[in-house]
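Heads up, the thing below is written out as structure tokens.
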Amino acid sequence: MKSKSEKVLVIAPHPDDETFGCGGSLLRHKYEGNEIFWLIITKMKEEHGWRKELIKKRPSEIEQVSKSYCFSDVINLDYPSTRISSSDIPSLVENIGSVIKKIKPSVIYAPFPRDVHTDHQYITNAVQSTIKWFRHPSINLFLVYETLSETNFNFLTNDTFKPNYFVNISPFFKKKMEIVKIYKSEIKAHPFPRSTKSIKSLATLRGSQSGYEFAEAFHLLYFKK
């Protein structure tokens, strides 16, 4: 990561993706003096089958998570969760583009576009359509992150996550785990994919691939000096 001050935008289809995918990297960005911004694309709605208690808890979780990272701003586009389709791509391109135009980030994080969750697929496809250099020249780095229970369940040989960019999160791993636990409904006992054991195991594996105690791994899609 660069040492100079930057604006960093993490795009999360759902609240929690930002923490599972790149929470340690966001904490490192903040430690290095960068501004970090959180764009949440979807929102749970009762008419789509989400339980009232989950919907009621989510704003409090978002507030706690936002304070934990010290985000400069949190934006929610309020698309219905688990309902994103190809027909939403034009509006996603427009709305995500408006956020990027306002913030002018130099670094963007988004989910791996071949995750098994279709929300992730369509949203990152929209992001890729949005960030052409002549539209948003501020962007220097675009990384896609892996999300436990979504990225690791893609068994298609040619479309699996292949990391080529690693970030040392060793000093920030403990804090990341504290934030993970804010999302109580998402964490269950091992062997559930989103167990604390699985999260630590993945960070340990990525660390062993890159020479650190704990690391987060990404696929680099765009880099401009």
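The figures that follow rest on heavy atoms only: side chains count, while hydrogens, waters and symmetry mates do not.
Between Asp78 and Arg83, no side-chain nitrogen of the basic residue sits less than 4.0 Å from a carboxylate oxygen of the acidic one, so the salt-bridge criterion is not met. The residues Lys176 and Glu216 are annotated as salt-bridged, a charged nitrogen and a carboxylate oxygen being separated by less than 4.0 angstrom. Ion pair Lys184/Glu61 not flagged as a salt bridge, since none of the NZ, NE, NH1 or NH2 atoms sits closer than 4.0 Å to an Asp/Glu carboxylate oxygen. Salt-bridge annotation for Lys57 and Glu63: absent, with no side-chain N of the basic residue lying under 4.0 Å from a carboxylate O of the acidic one.
Looking only at distances, a side-chain donor or acceptor of Glu18 sits under 3.5 Å from a matching main-chain atom of Asp16. Of the possible polar contacts, none joining the Lys43 side chain to the Leu77 backbone as a donor-acceptor pair under 3.5 Å is found. A distance-only check finds a donor-acceptor pair linking the side chain of Asn95 to the backbone of Ser91 [under 3.5 Å]. Judged by distance alone, the side chain of Ser138 and the main-chain N or O of Pro105 form a donor-acceptor pair under 3.5 Å. In this structure a side-chain-to-backbone donor-acceptor pair under 3.5 Å is missing from Arg206 to Ser201. With hydrogens and angles disregarded, a donor-acceptor distance shorter than 3.5 Å links the side chain of Asn154 to the backbone of Asp159. Looking at Lys175, its side chain never comes within 3.5 Å of a backbone N or O of Gly24 through a donor-acceptor pair. In this structure, the side chain of Asp17 does not engage the main chain of Ala12 through any donor-acceptor pair within 3.5 Å. Of the possible donor and acceptor atoms, one in the side chain of Lys104 sits under 3.5 Å from a partner among the backbone N and O of Lys101. With hydrogens and angles disregarded, no donor-acceptor distance shorter than 3.5 Å links the side chain of Asn140 to the backbone of Lys225.
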Applying side-chain contact (heavy atoms from CB on, under 4.5 Å), run through Ile62 and Trp38 and close with a yes or a no.
CA-CA 10 Å; Ile62 291 172; Trp38 184 14; 3.8 Å; yes

Would Ile187 and Ile199 count as a side-chain contact (heavy atoms from CB on, under 4.5 Å) here? Give the steps.
CA-CA 10 Å; Ile187 305 298; Ile199 297 165; 4.2 Å; yes

Between Val107 and Leu9, is the side-chain contact (heavy atoms from CB on, under 4.5 Å) condition met? List the steps.
CA-CA 6 Å; Val107 180; Leu9 175 64; over 6 Å; no

Residue pair Ile96, Leu39: steps toward the side-chain contact (heavy atoms from CB on, under 4.5 Å) verdict
CA-CA 8 Å; Ile96 293 170; Leu39 174 58; 4.2 Å; yes

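Counting heavy atoms of neighbouring residues, nucleotides and ligands inside a 6.0 Å radius, atom NZ of Lys52 does not exceed 12 of them. The number of heavy atoms from other shown groups lying within 6.0 Å of OH (Tyr31) does not exceed 12.
In this structure the side chain of Ile89 never reaches within 4.5 angstrom of the side chain of Ile84, judged on heavy atoms. With a 4.5 Å cut-off on side-chain heavy atoms, Thr147 and His120 count as touching. Side-chain contact check for Arg28 versus Phe172: some heavy-atom pair is nearer than 4.5 Å. Side-chain contact between Gln128 and Pro113: present, with at least one pair of heavy atoms (C-beta onward) separated by less than 4.5 Å.
Partner Ile182 forms a side-chain contact (heavy atoms from CB on, under 4.5 Å) with one of Pro15, Ser68, Ser60 and no other, that one being Ser68. Just one residue in the list Tyr145, Phe218, Tyr222 forms a ring pair (Phe, Tyr, Trp, His ring centres under 6.0 Å) with Tyr109, and that residue is Phe218.
Checked by atom type, the side-chain pair Ser198/Ser195 shows a donor-acceptor distance below 3.5 Å. Side-chain contact annotation: Thr151 with Asp115, donor-acceptor N/O pair under 3.5 Å present. In summary, the side chains of Tyr69 and His29 do not present any donor paired with an acceptor at a separation below 3.5 Å, with no hydrogens or angles considered.
Note on Val116: it does not cluster hydrophobically with Val144, by side-chain heavy-atom contacts below 4.5 Å among ILVMFWY residues. Hydrophobic clustering (side-chain heavy atoms under 4.5 Å, transitive across Ile, Leu, Val, Met, Phe, Trp, Tyr) keeps Ile100 apart from Val8. Cluster annotation: Leu143 is connected to Leu202 through the hydrophobic network of ILVMFWY side chains, with a link wherever side-chain heavy atoms come within less than 4.5 Å. Under a hydrophobic clustering in which Ile, Leu, Val, Met, Phe, Trp and Tyr are joined whenever their side-chain heavy atoms come within less than 4.5 Å, directly or via other members, Phe223 and Phe134 fall into different clusters. Under a hydrophobic-cluster definition in which Ile, Leu, Val, Met, Phe, Trp and Tyr are linked whenever side-chain heavy atoms come within less than 4.5 Å, directly or via other members, Tyr122 and Leu221 are assigned to the same cluster.
Closest heavy-atom contact between Ser106 and Glu6: OG-CB, 3.3 Å. Nearest heavy atom pair, residue Ala110 against residue Thr124, reads CB-OG1, 3.9 Å. Considering every non-hydrogen atom in both Ile169 and Ser25, the closest pair reads CG2-N, 3.7 Å. Considering every non-hydrogen atom in both Ala126 and Val93, the closest pair reads O-CG2, 3.7 Å. Contact record, Leu148 with Pro193: CD1-O, 3.7 Å, taken as the closest heavy-atom pair. Smallest separation of non-hydrogen atoms from Pro13 and Ile123: CB-CD1, 3.5 Å.
Cation-pi check for Arg114 over Phe161 is not met; the charged atom does not lie both under 6.0 angstrom from the ring centroid and within 45 degrees of its normal.
Taking the six-membered ring for Trp and thresholds of 30 and 60 degrees, His14 and His117 have ring planes inclined between 30 and 60 degrees apart.
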